[in-house]
Amino acid sequence: MREYYTITELTREFDISTRTLRFYEDEGLIAPVRRGRTRLFRPSDRHLIRQIMRGKRLGFSINEIREIIQIYREPPGEVGQLKLMIKRIEEKREELRQKRRDLEDTLSELDNAEEACVERLVELGVST
């Protein structure tokens, strides 16, 4: 296993910008080693970036990702992190279910509005 990764290597690996990595650093999610103006990322930073990217794909906010990472670093550690992750996943799942219900309602309303427009055009003697 390598001792360090450069910012360029990680931006290419994760297909993200240097600005994104700096943002994660500013947010306290990762803490690369500094050698002058150069940032060197440890394997643990690389692992955290992978977890951050996964959290983003799952729809977690930066604050939620920070909370999940922080609970791992302190007691109760990994067990607490896993339990929190399960809780957050279920919350995200319910949010998505609600969005799906909202979308279905909106689609139904659009269908009804379109049907009313078509019916009115028929009443007016206009073909569609």
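Fair warning: this is a prediction, and the values are worked out from it, not measured in the lab.
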Chemist: For Ile86 and Glu90, what are the C-alpha separation, side-chain angles and deciding distance, and is it a side chain to side chain contact (heavy atoms under 4.5 Å, CB included)?
Modeler: CA-CA 6 Å; Ile86 290 168; Glu90 186 51 42; 5.8 Å; no

Chemist: Is there a side-chain contact between Val126 and Arg120 in this structure, where contact means two heavy atoms from C-beta onward sitting under 4.5 Å apart?
Modeler: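 Heavy-atom side-chain distance check fails, nothing below 4.5 Å.
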
Chemist: Just checking Arg19: does its CZ atom have more than 12 heavy atoms from other residues, nucleotides or ligands closer to it than 6.0 angstrom?
Modeler: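 At most 12 heavy atoms, drawn from other residues, nucleotides or ligands, come within 6.0 Å of this atom.
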
Chemist: Should Lys99 and Asp102 count as an ion pair when the cut-off is N to O under 4.0 Å?
Modeler: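 Salt bridge absent between Lys99 and Asp102.
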
Chemist: Strictly below 4.0 Å, N to O, side chains only: are Arg2 and Glu9 in salt-bridge contact?
Modeler: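 A salt bridge links Arg2 with Glu9.
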
Chemist: Nearest 0.5 angstrom please: Ile7 CD1 to Phe41 CZ, how far?
Modeler: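 Result: 4.5 Å between the selected atoms.
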
Chemist: When rounded to the nearest 0.5 angstrom, what is the spacing between CG in Leu40 and OG1 in Thr38?
Modeler: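 The CG atom of Leu40 sits 6.5 Å away from the OG1 atom of Thr38.
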
Chemist: Sub-3.5 Å donor-acceptor pair from the side chain of Ser108 to the main-chain atoms of Glu104, do we have one?
Modeler: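 Checked: no pair found.
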
Chemist: Once rounded to the nearest 0.5 Å, what's the spacing between atom CZ of Arg46 and atom CD1 of Ile49?
Modeler: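 Reported to 0.5 Å precision, the distance equals 9.0 Å.
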
Chemist: Indicate, with yes or no, if Leu96 and Ile65 share a hydrophobic cluster defined by side-chain heavy-atom contacts under 4.5 Å among Ile, Leu, Val, Met, Phe, Trp and Tyr.
Modeler: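 No, because Ile65 and Leu96 fall into different hydrophobic clusters, even though each may have its own neighbours under 4.5 Å.
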
Chemist: Decide if atom CD of Glu114 counts as having more than 12 heavy atoms of other residues, nucleotides or ligands within a radius under 6.0 Å.
Modeler: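 No.
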
Chemist: Same cluster or not: Leu58 versus Tyr24, using hydrophobic residues (I, L, V, M, F, W, Y) connected whenever any side-chain heavy atoms lie under 4.5 Å apart?
Modeler: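 In one cluster: yes.
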
Chemist: Is a donor from one side chain sitting under 3.5 angstrom from an acceptor on the other, for Thr8 and Thr11?
Modeler: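 Side-chain D/A pair, Thr8 to Thr11: absent.
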
Chemist: Please report the interatomic distance OG1(Thr6) to CD(Glu13), rounded to the nearest 0.5 Å.
Modeler: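 It is 10.5 Å, given to the nearest 0.5 Å.
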
Chemist: Out of the candidates Ile16, Ile30, Leu21, only one should pair with Ile52 under the side-chain contact (heavy atoms from CB on, under 4.5 Å) rule; please name it.
Modeler: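 Checked Ile16, Ile30, Leu21 against Ile52; only one passes side-chain contact (heavy atoms from CB on, under 4.5 Å): Ile30.
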
Chemist: Stepwise, does the side chain to side chain contact (heavy atoms under 4.5 Å, CB included) test hold for Ile68 with Gln51?
Modeler: CA-CA 10 Å; Ile68 291 166; Gln51 296 306 314; over 6 Å; no

Chemist: Look at the side-chain heavy atoms of Ile, Leu, Val, Met, Phe, Trp and Tyr, link any pair under 4.5 Å apart, and say whether Phe23 and Phe14 land in one connected group.
Modeler: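 In one cluster: yes.
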
Chemist: With a 4.5 Å limit on heavy-atom distance, are the side chains of Glu67 and Ile71 in contact?
Modeler: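 Not in contact.
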
Chemist: Salt bridge or not between Glu95 and Lys92? Use side-chain N to carboxylate O under 4.0 Å.
Modeler: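 Salt bridge: yes.
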
Chemist: Using the salt bridge (Lys or Arg N to Asp or Glu O under 4.0 Å) definition, which of the options Arg88, Arg101, Arg100 pairs with Glu94?
Modeler: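 Passing option: Arg101.
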
Chemist: Could you walk me through whether Glu74 and Gln70 pass the side chain to side chain donor-acceptor pair (under 3.5 Å) check?
Modeler: CA-CA 7 Å; Glu74 299 171 0; Gln70 193 62 38; 2.6 Å; yes

Chemist: With clusters defined by side-chain heavy atoms of hydrophobic residues (ILVMFWY) lying less than 4.5 Å apart, directly or transitively, does Tyr72 cluster with Ile89?
Modeler: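 No; tracing contacts between hydrophobic side chains, which count when under 4.5 Å, never links both residues.
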
Chemist: State plainly whether the residues Glu25 and Arg39 are in salt-bridge range, i.e. N to O under 4.0 Å.
Modeler: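 A salt bridge links Glu25 with Arg39.
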
Chemist: Scan Glu91, Met85, Arg54 and name whichever one has a side-chain contact (heavy atoms from CB on, under 4.5 Å) with Phe60.
Modeler: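 Single side-chain contact (heavy atoms from CB on, under 4.5 Å) partner of Phe60 among Glu91, Met85, Arg54: Met85.
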
Chemist: Once rounded to the nearest 0.5 Å, what's the spacing between atom CD of Glu27 and atom CD1 of Ile69?
Modeler: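 With rounding to 0.5 Å, CD (Glu27) is 11.0 Å from CD1 (Ile69).
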
Chemist: Are Leu48 and Tyr4 in one and the same hydrophobic cluster, where Ile, Leu, Val, Met, Phe, Trp and Tyr link if side-chain heavy atoms are under 4.5 Å apart?
Modeler: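 Per the 4.5 Å side-chain linkage, Leu48 and Tyr4 are not co-clustered.
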
Chemist: Can you check salt bridge (Lys or Arg N to Asp or Glu O under 4.0 Å) on Arg73 and Glu78, steps first, answer last?
Modeler: CA-CA 8 Å; Arg73 292 177 176 164; Glu78 186 176 8; over 6 Å; no

